S.K.: 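Shown below is the structure under consideration.
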Protein chains: 2
Amino acid sequence: MITIETSGFIPIYEQIKKGIKSEISLGVIKANEALPSIRDLAAELVVNPNTVARAYRELEHEGFICTRKGKASFVSENSSSLIQKDKVRLMEDVFDRAISEARKFGLDAAEIRRIVESRLKNQENRGEGEGR
Amino acid sequence: MITIETSGFIPIYEQIKKGIKSEISLGVIKANEALPSIRDLAAELVVNPNTVARAYRELEHEGFICTRKGKASFVSENSSSLIQKDKVRLMEDVFDRAISEARKFGLDAAEIRRIVESRLKNQENRGEGEGR
DNA sequence: ATCGCTGTATTAGTAATTTAATACAGTAAG
DNA sequence: CTTACTGTATTAAATTACTAATACAGCGAT
């Protein structure tokens, strides 16, 4: 289930893209399976169909899904390996950003490790599947 | 030195706010010292003065700096303790986001620790003071 | 062919960010 | 007082993301 954060600065179509990648990565949607239709997903997320369409269009352009007009959008055959590479890059990026932000505030490696540990524990206690 | 990322999704005034907080936190600007003038900083960052003014206005509203019209904006007397609290909150937020993103892709705590370690090492090797 | 679903495309409107050009007001030095 | 610097305020324009309404085109079942 994809969750949308309207309060942040991250565009909805980016959140949708990341959400789809996540679901492919987790095997919630498998290769050659159909994604939800643009209109359905838009209704579910309470978002404009065009916003979902943009996410799908970009995912197609990046090779993760392929689209057959009139039928549906499908997870690409080779999505697994693509996602795998993308996942590594994505995660490196995410933590690089977090760490360099911490560095900007003068935290050293030890303090960063401490925070990560504390947040890992904190999130474990608040139930597994909850995004927020 | 504050760096602005125009390619991202984060508003410039937010980046400036974070940059100032960082410099206060690091002691680059100390309590009761004057910040660069709005026009100077705008020229340095190649940004509109209004954008810097907005950052200053919000920082003042949050209590980090105080402004004397006709003179300059100064770092607040009690900025240290304020920043300290804000820093903790900010860092928790940053790593919460990173971790919950990782969780969305099915990474467990061990894998997250491994990535954090690898990125910490990676950034050490690429010189200390570099943001990117 | 018609109906109902799919994705696609176009156009227009709203909201937020940023830019731009000004004008105003306080401070300090000449 | 004049000059030159501070921050502040206002208004308009440009840009971008998102929303909204609508039309078009492909696919498949009836």
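Numbers restart at 1 for each chain; the letters A, B, ... are given by sequence-line order, proteins then strands. Nothing here was measured: the structure is a model prediction, and the numbers come from that model. Just so you know, these numbers use all the heavy atoms, side chains as well, and skip hydrogens, waters and symmetry mates.
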S.K.: Just to confirm, is there a sub-4.0 Å distance from OP1 or OP2 of D/dC18 to any side-chain nitrogen or oxygen of A/Thr51?
M.R.: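 No, no such contact exists.
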S.K.: B/Phe74 CZ to C/dT27 C1': how many Å, rounded?
M.R.: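 So the two atoms are 11 Å apart, to the nearest Å.
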S.K.: D/dT8 P sits how many Å from B/His61 NE2, rounded?
M.R.: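 Rounding to the nearest Å, NE2 of B/His61 and P of D/dT8 are 13 Å apart.
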S.K.: Is a salt bridge present between B/Lys30 and B/Glu23, judged by a nitrogen-to-oxygen distance below 4.0 Å?
M.R.: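 The answer is no: the pair does not qualify as a salt bridge.
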S.K.: Looking at C/dT17, C/dA20, D/dA17, which one has an atom nearest to any side-chain atom of B/Arg54?
M.R.: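 Shortest atom-to-atom distance from the side chain points to C/dT17.
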S.K.: Let me know the distance between CD1 of A/Ile4 and C1' of D/dA17, rounded to the nearest Å.
M.R.: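 Between C1' of D/dA17 and CD1 of A/Ile4: 14 Å.
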S.K.: Which residue, A/Phe9 or A/Ala53, contacts DNA chain C at a nucleotide closer to its 5' end, judged by nearest heavy atom?
M.R.: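 By nearest-heavy-atom nucleotide position, the 5'-most residue is A/Ala53.
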S.K.: Rounding to a whole Å, what distance do you find between A/Asn48:CG and C/dT14:P?
M.R.: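 Taking atom P of C/dT14 as the reference, CG of A/Asn48 is at 15 Å.
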S.K.: Taking atom P of C/dT17 as reference, at what distance in whole Å does atom CD of B/Gln15 sit?
M.R.: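 Between P of C/dT17 and CD of B/Gln15: 13 Å.
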S.K.: Judged by each residue's nearest nucleotide on DNA chain D, which is more toward the 5′ side, B/Arg57 or B/Asp40?
M.R.: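 Looking at DNA chain D, the more 5' nearest nucleotide goes with B/Asp40.
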S.K.: If you compare every side-chain N and O of B/Tyr13 against the phosphate oxygens of C/dT17 (OP1, OP2), does one of them come in below 4.0 Å?
M.R.: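 Yes, within the criterion.
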S.K.: In whole angstrom, what separates A/Glu14's CD from D/dA17's P?
M.R.: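 The answer, rounded to whole Å, is 10 Å.
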S.K.: To the nearest angstrom, how far is B/Ile38 atom CD1 from C/dG26 atom P?
M.R.: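 Taking atom P of C/dG26 as the reference, CD1 of B/Ile38 is at 16 Å.
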S.K.: For the side chain of A/Ile12, counting heavy atoms from C-beta on, which of D/dA20, D/dC18, D/dT8 is nearest?
M.R.: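 Closest nucleotide among those given: D/dC18.
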S.K.: Determine whether A/Glu62 and A/Lys21 make a side-chain contact, defined as any pair of heavy atoms from C-beta on separated by less than 4.5 Å.
M.R.: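 Side chain of A/Glu62 against side chain of A/Lys21, heavy atoms only: contact under 4.5 Å found.
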S.K.: Report yes if at least one side-chain N or O of A/Ser37 is closer than 4.0 Å to OP1 or OP2 of C/dT6; otherwise report no.
M.R.: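 Yes, A/Ser37 has a side-chain N/O under 4.0 Å of OP1/OP2 on C/dT6.
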S.K.: Between A/Lys17 (NZ) and D/dC18 (C1'), how many Å, whole number?
M.R.: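 Roughly 16 Å, once rounded to whole Å.
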S.K.: Using a strict threshold of under 4.0 Å (side-chain N to carboxylate O), is an ion pair present between A/Glu117 and B/Arg113?
M.R.: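 Here B/Arg113 pairs with A/Glu117 in a salt bridge, since their nearest N and O are under 4.0 Å apart.
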S.K.: Looking only at atom types and distance, does a side-chain atom of A/Thr67 sit under 3.5 Å from a main-chain N or O of A/Ser73, one as donor and one as acceptor?
M.R.: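 Side chain of A/Thr67 to backbone of A/Ser73, a donor-acceptor pair under 3.5 Å: no, none is there.
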S.K.: Does any N or O in the side chain of A/Ser79 come within less than 3.5 Å of the main-chain N or O of A/Phe64, such that one atom is a donor and the other an acceptor?
M.R.: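 No, A/Ser79 side chain to A/Phe64 backbone: no donor-acceptor pair under 3.5 Å.
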S.K.: Measure from the side chain of B/Glu60, starting at C-beta and using heavy atoms only, and say which of C/dG7, D/dT8, D/dT19 lies closest.
M.R.: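 Looking only at side-chain atoms, B/Glu60 lies closest to D/dT8.
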S.K.: Can you give one letter per nucleotide of nucleotides 22-30 of chain D, going 5' to 3': B for a protein heavy atom under 4.0 Å from the base, S for sugar-phosphate only, - for none?
M.R.: -B--BSS--
S.K.: Determine, for B/Tyr13 and B/Arg54, whether the Lys NZ or Arg CZ falls below 6.0 Å from the six-membered ring centre while staying within 45 degrees of the axis.
M.R.: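 Yes - B/Arg54 lies over the ring of B/Tyr13, closer than 6.0 Å to its centre and within 45° of its axis.
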S.K.: So, do B/Ile12 and B/Asn48 sit near enough that their side-chain heavy atoms are less than 4.5 Å apart?
M.R.: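 Result no, sub-4.5 Å side-chain heavy-atom pair not found.
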S.K.: Nearest to the side chain of A/Ser73, heavy atoms from C-beta on, is which of D/dG7, C/dT18, C/dG7?
M.R.: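 Nucleotide nearest to A/Ser73's side chain: C/dG7.
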